[in-house]
Amino acid sequence: MNNTSSVNILLATYNGEKYIKKQLDSLLSQTYPNITIYIRDDGSKDNTMNILKDYIAKNTSSKKILLLENGGTNLGCPMSFYQILKECASADYYAFCDQDDIWYPDKIKWAVEKLDKKSQTNKPCVYFSAYEYYTDTGEFLRQSPSQKKHITLTDVLYYTPASGFVLVFNETARQELILNINPGKELHDRWLLRGAACFGNIIYDARCSAAHIRHADAVTAEDSGNYNLIQSFLKNEIGGTAMTDSKEHLKYFQHTFQYRFTKAEQKTLSLFTAPNSLKRQIQKLFYPKRLRARIAGEIAIRILFFIGKI
């Protein structure tokens with residue numbers, strides 16, 4: 001492969017002193033050379049900024065590290081990522097990066113290889129890979145669920161096939177899905193994957209390219225068995241506002257791109273965004289396509305349809 005395609009890594013940090021060194025080391029160890037790392041700190045109160053400045057001062061690799069000014073503003077997620085996208089220079093590809101994960105050496109190389117094959121499509125292209133879950137003490141938990149090769153709108157209605165840190169996307173996706181419109185408050189990974197599913201291409205790579213670190217306070221909910229996962233869904237989705245918020249984000253996505261959808265996509269979106277009625281509840285409850293990868297998640301969302309919460 002050639003190494004001419006440029007890649008901007010977009011690293012958002014906040015109080016990450018405990019993990020940021022390992023992540024920075026993994027970025028600087030990428031086998032793909034044509035990389036610029038843009039970092040925006042969201043107003044850390046710990047030693048994160050000093051660590052970042054020290055890495056920049058001591059960096060001897062060919063990869064540039066640029067620290068953006070934050071203006072003293074805490075934007076939170078996903079707005080900090082969107083801000084980096086607005087401020088960074090143009091590149092062929094862009095990669096979101098969390099502060100507390102670890103990238104494997106060929107992560108960007110694999111992404112560029114796959115994306116370069118779609119370089120003539122002039123459509124939004126989003127690549128993502130499989131990844132592995134680890135605890136912050138180094139214990140292996142599981143691998144991310146296997147995904148379909150062809151991902152459509154149905155697959156990203158109430159499920160996000162990949163977390164932001166494994167997404168790599170092209171300049172067209174940056175322009176059409178981020179810069180030329182207002183993505184609102186939807187999480188960056190779900191927003192991009194929905195847009196690419198409808199208007200471009202999603203490329204899934206079954207190779208694991210990173211370790212996603214799950215911290216002790218989060219591990220028991222998502223990374224245990226289905227029983228604990230169902231408990232988490234009952235608490236956060238049935239008892240909380242997570243899914244009603246998701247429905248509002250879906251409505252916003254539908255409104256933002258209302259003139260670009262096919263008739264079939266518009267019909268699907270309308271089913272899941274229109275006000276509830278007994279007929280719609282039944283249609284959603286018995287919707288023939290799978291909406292989530294894990295059984296526990298699928299059961300939870302069908303319960304939500306049954307009780308009319310979404």
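Residue numbers start at 1 and run along the sequence shown.
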Student: Using the six-membered ring wherever Trp is involved, compare the ring planes of Phe199 and Phe261 and label them parallel, tilted or perpendicular (cut-offs 30° and 60°).
Tutor: tilted

Student: Decide whether Leu10 and Leu68 are clustered together by the hydrophobic rule: side chain heavy atoms of Ile, Leu, Val, Met, Phe, Trp, Tyr closer than 4.5 Å, transitively.
Tutor: yes

Student: Taking atom NZ of Lys251 as the centre, report whether more than 12 heavy atoms of other residues, nucleotides or ligands fall under 6.0 Å from it.
Tutor: yes

Student: Check residues 181-188 and write down every donor-acceptor pair under 3.5 Å in which the side-chain atom is one partner and the other belongs to a residue at least two apart or another chain.
Tutor:
unit_1: Asn182; atom_1: OD1; unit_2: Gly184; atom_2: N; d: 2.9
unit_1: Glu186; atom_1: OE2; unit_2: Arg194; atom_2: NH1; d: 2.9

Student: Does atom NZ of Lys118 have more than 12 heavy-atom neighbours, drawn from other residues, nucleotides or ligands, at distances under 6.0 Å?
Tutor: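 No, NZ of Lys118 has 12 or fewer neighbouring heavy atoms, counting only those of other groups under 6.0 Å.
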
Student: Hey, what do you get for OH (Tyr287) to CD (Gln283), rounding to the nearest 0.5 Å?
Tutor: 10.5 Å

Student: Taking only residues two or more places apart in sequence, or in another chain, which ones meet Asp101 in a salt bridge (Lys or Arg N to Asp or Glu O under 4.0 Å)?
Tutor: none

Student: Under a 4.0 Å N-O cut-off, is there an ion pair linking Asp25 with Lys21?
Tutor: no

Student: Apply salt bridge (charged side-chain N to carboxylate O under 4.0 Å, His left out) to residues Glu298 and Arg302 and explain how you reach the verdict.
Tutor: CA-CA 6 Å; Glu298 189 71 14; Arg302 301 292 170 161; 2.7 Å; yes

Student: With sequence neighbours left out, which residue pairs that include part of residues 288-310 fulfil the ring pair (Phe, Tyr, Trp, His ring centres under 6.0 Å) condition?
Tutor: Phe272-Phe305

Student: Looking at Arg214 and Asp136, is there a salt bridge between them, counting it only when a charged N and a carboxylate O are closer than 4.0 Å?
Tutor: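 No, Asp136 and Arg214 are not salt-bridged.
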
Student: Salt bridge or not between Lys117 and Glu113? Use side-chain N to carboxylate O under 4.0 Å.
Tutor: no

Student: Report the relative orientation of the aromatic rings in His212 and Tyr131; use parallel for angles under 30°, tilted for 30 to 60°, perpendicular for over 60°.
Tutor: perpendicular

Student: Looking at CG of Leu271 and NZ of Lys284, how far apart are the two atoms once the value is rounded to the nearest 0.5 Å?
Tutor: 6.5 Å

Student: Can any side-chain N or O of Thr268 pair as donor or acceptor with the backbone N or O of Ala264 at less than 3.5 Å?
Tutor: yes

Student: To the nearest 0.5 angstrom, please state how far the OH atom of Tyr32 sits from the NZ atom of Lys63.
Tutor: 10.5 Å

Student: Honestly curious: do Tyr134 and Tyr19 fall in one hydrophobic cluster under the side-chain, below-4.5 Å linking rule?
Tutor: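 Cluster IDs for Tyr134 and Tyr19 differ.
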
Student: Testing Phe96, Phe169, Tyr94 one by one against Phe81 for a ring-ring contact (aromatic ring centres under 6.0 Å, His included), which residue passes?
Tutor: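 For Phe81, the ring-ring contact (aromatic ring centres under 6.0 Å, His included) check succeeds only for Phe96.
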
Student: With side chain to side chain contact (heavy atoms under 4.5 Å, CB included) as the criterion, how do Ser90 and Arg174 come out once you've worked through the C-alpha distance, each side chain's angles and the decisive distance to 0.1 Å?
Tutor: CA-CA 9 Å; Ser90 295; Arg174 178 197 184 215; 3.6 Å; yes

